[in-house]
Amino acid sequence: MPTLSATKRSLSRRRLLGGAVAGAAALAGTGGCGFTRTSGDGLVFGFHGDINAIGLYQRAGDLFQRRNPGVTIEYTYADSLGFFQRLPLMFRAGTAPDVMVAAESWVSGLSQLGGWADLTPFLERDGLTADTWVPGALTPAQIGGETLCLPCLVYPKGIAYNLTLMRERGVAPPGDRWSEDQFVETAAALSGEAGGGRVFGLHNGFGTAQPWDVPTIYGGLPFDPVAREMRATSPEVTRSLQLMSDLVHRHGAMPDAGGAQEQDTLNFTSGRFGLGLFAGFSLTPWTEQIGSNFEWGVAPHPEEWSGTYQNANAAVFDGSPRKEEAWEFVKFLSTDPEAQEILGAVGTPALRGSATAWTRALRGPARDYPWDALLARMDDQVVAYQGGVFNKIWDLLGVAVQAVENSGEPVDEALRTVQERGTELLRA
C-alpha cells in the first residue's frame, strides 16, 4: 500500500511499501532496480520491500529453482510507490513481470486494468480453496467473480497495551474479549501527566492525510467501489469519525491529527502511550525498539470493530507467456511450508498450518499473544480499496479527519462535504 503516516522509529509495513530500496542490489542478485522485464528467458519475479524482505523473496525463489531443475528465475525489484504508480503503464505495454508481489489494495485498485490473471481455473484444477489459508486471506483476491492473486503473508490487527503503565495507573489489562466502552474507558484512564511530560491513552495511528483505518473501524468505506457510489455519510463511516472526535475532544485520550503528524519520533514504542494500533508487521521492530524499557502485550480489537485488512499477495501477469510456470511459482510461495517459513520472517504466513507453526515458534511474551483470535478476526476486516479516482476521495476524507480532530468541525458537516465532492468526482 502506498505510504501512510508512520513513525521513523518504527518502520511500519506501510512506510516500507513507500520507501526506496537503496543498497538492495547485493541482495537481489541478478535483478536490478526498475521493475521491468529483462531480455533473458527466465521467469521474471518482481517484488518490493526493505532490504530484509527483498533477501527473503530471493531465498524463496532460489528454493523453487532448486526444487525444479531447469527453471530459471530473474529477480527484479523497485521501490513500492514507484511500482504502484508504474503498474498501469506496464500492464498496457505488456512489460510487467510474470509474477508480482502485490499489497491487498493494489489488487483491488488496479483490477479494472485487466493486468492480473484470473487464477480461478488453476485453483479449481489443483483443489485449492479458501480453507487452505487463514480466515479472510483469499478475500482481497476475489473481485468480480475472479481470483486475482494468492496470499503469501497476512498482518493480524489488534491493540497493543503498555502493561507497565497500566500497573502504575492501577488499570486492568484487556482480556481476549473486550468492548468498545472498555477500550475507551481504558484509554481515558491511561491519559494524564507523568514524569517527562504528557502521556496519552492511545497513539493516533488511524491515519490522517491518508485515513484508511478510520472508516473501516466498523466495516465501512467512504464509497462503494463496485457501484461507484459515495458512502461517506453512512452510519459506519459517521460512527467511526465520531469515535475519533470523542477520543480527541471528549476524553482527551488521543492526540489530534496535527499532533499525530508530529509523532514521527514518538509512538507507542516510546512508552508515552497506553494503547496503540498493532499490526503483525510491527512485532519484530517493536520488540527490538521497546526492549526491556517496559512490558507490553496485545489484545484483539474491541468486539464491535472490524478494521482494515492487510496482506501481501503473489499475482500472475495476465500477459505472461509463461502463465503455467508462473502459477506453479505463485502456488509455491503461497502453499509450500518451507517457502512460507522463509517469508514468515516479515509477517504471518498465510497458509493455515504454517501460521499455526509460526505462532508456536515465537519467543518471549509474543508467543502468548492471542494469535488465534487475531487471525480469526481478519475474516471480518475490510480492504481499503484504492486506485484512480478513489484515491482522490481518500484525500477528501483525510481533510475531513483533520478538520474534525484539529478544529472540532462537526462530524456530520465534515462528512457531508466529502459525500458531495466525492459524488462530483465519481460523476466526472
Side-chain angles (χ1 to χ4, degrees), residues 134-136 154-192 199-207 211-221 234-256 260 268 273-280 282-283 286 294-310 359 365-366 368-382 384 401 404-405 411-412 415:
V134 298
V154 297
Y155 305 110
K157 301 291 188 67
I159 303 294
Y161 56 89
N162 185 326
L163 186 57
T164 299
L165 180 62
M166 287 182 158
R167 288 170 178 158
E168 293 174 355
R169 297 287 174 89
V171 177
D176 288 353
R177 297 181 64 182
W178 59 331
S179 68
E180 183 181 283
D181 286 344
Q182 291 173 312
F183 165 79
V184 173
E185 290 171 3
T186 299
L190 292 173
S191 298
V199 171
F200 280 100
L202 175 65
H203 177 260
N204 191 344
F206 292 93
W212 294 302
D213 290 330
V214 174
T216 60
I217 291 175
Y218 304 109
L221 288 175
S234 68
E236 294 83 4
V237 178
T238 301
R239 185 181 173 195
S240 296
L241 188 52
Q242 187 62 56
L243 175 63
M244 300 295 99
S245 178
D246 290 346
L247 286 168
V248 172
H249 301 296
R250 180 181 175 188
H251 302 289
M254 183 177 78
D256 60 29
F268 177 77
F273 299 91
L275 306 173
L277 300 187
F278 172 82
S282 304
L283 178 61
W286 283 16
F294 61 89
E295 292 184 61
W296 63 291
V298 174
H301 280 159
E303 292 185 318
E304 296 90 338
W305 288 19
S306 176
T308 307
Y309 186 95
Q310 287 184 271
T359 61
D368 297 324
Y369 293 167
W371 293 107
D372 288 345
L374 296 178
L375 288 166
R377 293 290 295 274
M378 294 190 74
D379 203 19
D380 297 323
Q381 292 172 354
V382 180
V401 171
V404 168
E405 294 185 11
V411 169
D412 289 344
L415 290 179

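Small disclaimer: the values here were computed from a predicted structure and weren't measured.
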* To do: Quick one: closest heavy-atom pair of G205 and D213, and the distance?
  => O-OD2, 3.9 Å
* Examine distances only and state if a side-chain atom of N204 and a backbone atom of P255 form a donor-acceptor pair shorter than 3.5 Å. => yes
* Asked: Has D372 got more than 12 heavy atoms of other residues, nucleotides or ligands less than 6.0 Å from its CG?
  -> no
* **Steps toward side-chain contact (heavy atoms from CB on, under 4.5 Å) verdict (N162, F273)** => CA-CA 7 Å; N162 185 326; F273 299 91; over 6 Å; no
* Asked: Is the backbone N or O of V404 less than 3.5 Å from a side-chain atom of H249, with the two atoms forming a donor-acceptor pair by type?
  -> yes
* Asked: When rounded to the nearest 0.5 angstrom, what is the spacing between OH in Y155 and CG in L374?
  -> 15.5 Å
* To do: Could you grab the distance from atom CG of L241 to atom CG of L415, nearest 0.5 Å is fine?
  => 5.0 Å
* Kindly give the heavy-atom pair with the smallest separation between D176 and P370, and that separation in Å. => OD1-CB, 3.6 Å
* To do: State the CG-OG1 distance between L243 and T238, to the nearest 0.5 angstrom.
  => 12.5 Å
* Asked: Do you know which of V401, T216, I217, V411 makes side chain to side chain contact (heavy atoms under 4.5 Å, CB included) with S240?
  -> I217
* 4.5 Å side-chain heavy-atom contact, V298 and W371 -> no
* Asked: Passes side-chain contact (heavy atoms from CB on, under 4.5 Å), L277 versus I159? Steps please.
  -> CA-CA 5 Å; L277 300 187; I159 303 294; 3.7 Å; yes
* To do: Report yes if some heavy atom in the side chain of Q182 is under 4.5 Å from a heavy atom in the side chain of P302; otherwise report no.
  => no
* Structure fact -> Between the CD atom in Q381 and the CD atom in Q310, the distance rounded to the nearest 0.5 Å is 8.5 Å
* To do: Check S191 against G252 and note the closest heavy-atom contact, atom names and distance.
  => OG-O, 3.6 Å
* Measuring from Y161:OH to M166:CE, what's the distance to the nearest 0.5 Å? -> 7.5 Å
* Asked: Which pair of non-hydrogen atoms, one from D379 and one from G136, has the smallest distance, and what is that distance?
  -> OD1-N, 3.4 Å
* To do: Using the six-membered ring wherever Trp is involved, compare the ring planes of F268 and F294 and label them parallel, tilted or perpendicular (cut-offs 30° and 60°).
  => perpendicular
* To do: Answer yes or no: is there a side-chain heavy-atom contact under 4.5 Å between F183 and P174?
  => no
* Does the side chain of S306 come under 3.5 Å of the side chain of D380 through a donor N or O and an acceptor N or O? -> no
* To do: Considering non-hydrogen atoms only, spot the tightest contact between V199 and R169 and give its length.
  => CB-NH2, 4.1 Å
* **R239 side-chain N/O to Y218 backbone N/O, donor-acceptor pair under 3.5 Å** => no
* **Inter-residue atom distance F200.CZ - L247.CG, 0.5 Å rounding** => 11.5 Å
* Asked: Quick one: does E180's side chain have a donor or acceptor within less than 3.5 Å of a partner on E304's backbone?
  -> no
* To do: Return yes if some donor-acceptor pair links the side-chain N/O of W178 with the main-chain N/O of P300 below 3.5 Å, else return no.
  => yes
* Where is the tightest heavy-atom contact between E405 and M244, given as atom of each residue plus distance? -> OE2-CB, 3.6 Å
* Is the backbone of H301 close enough, under 3.5 Å, to the side chain of K157 for a donor and an acceptor to pair up by distance? -> no
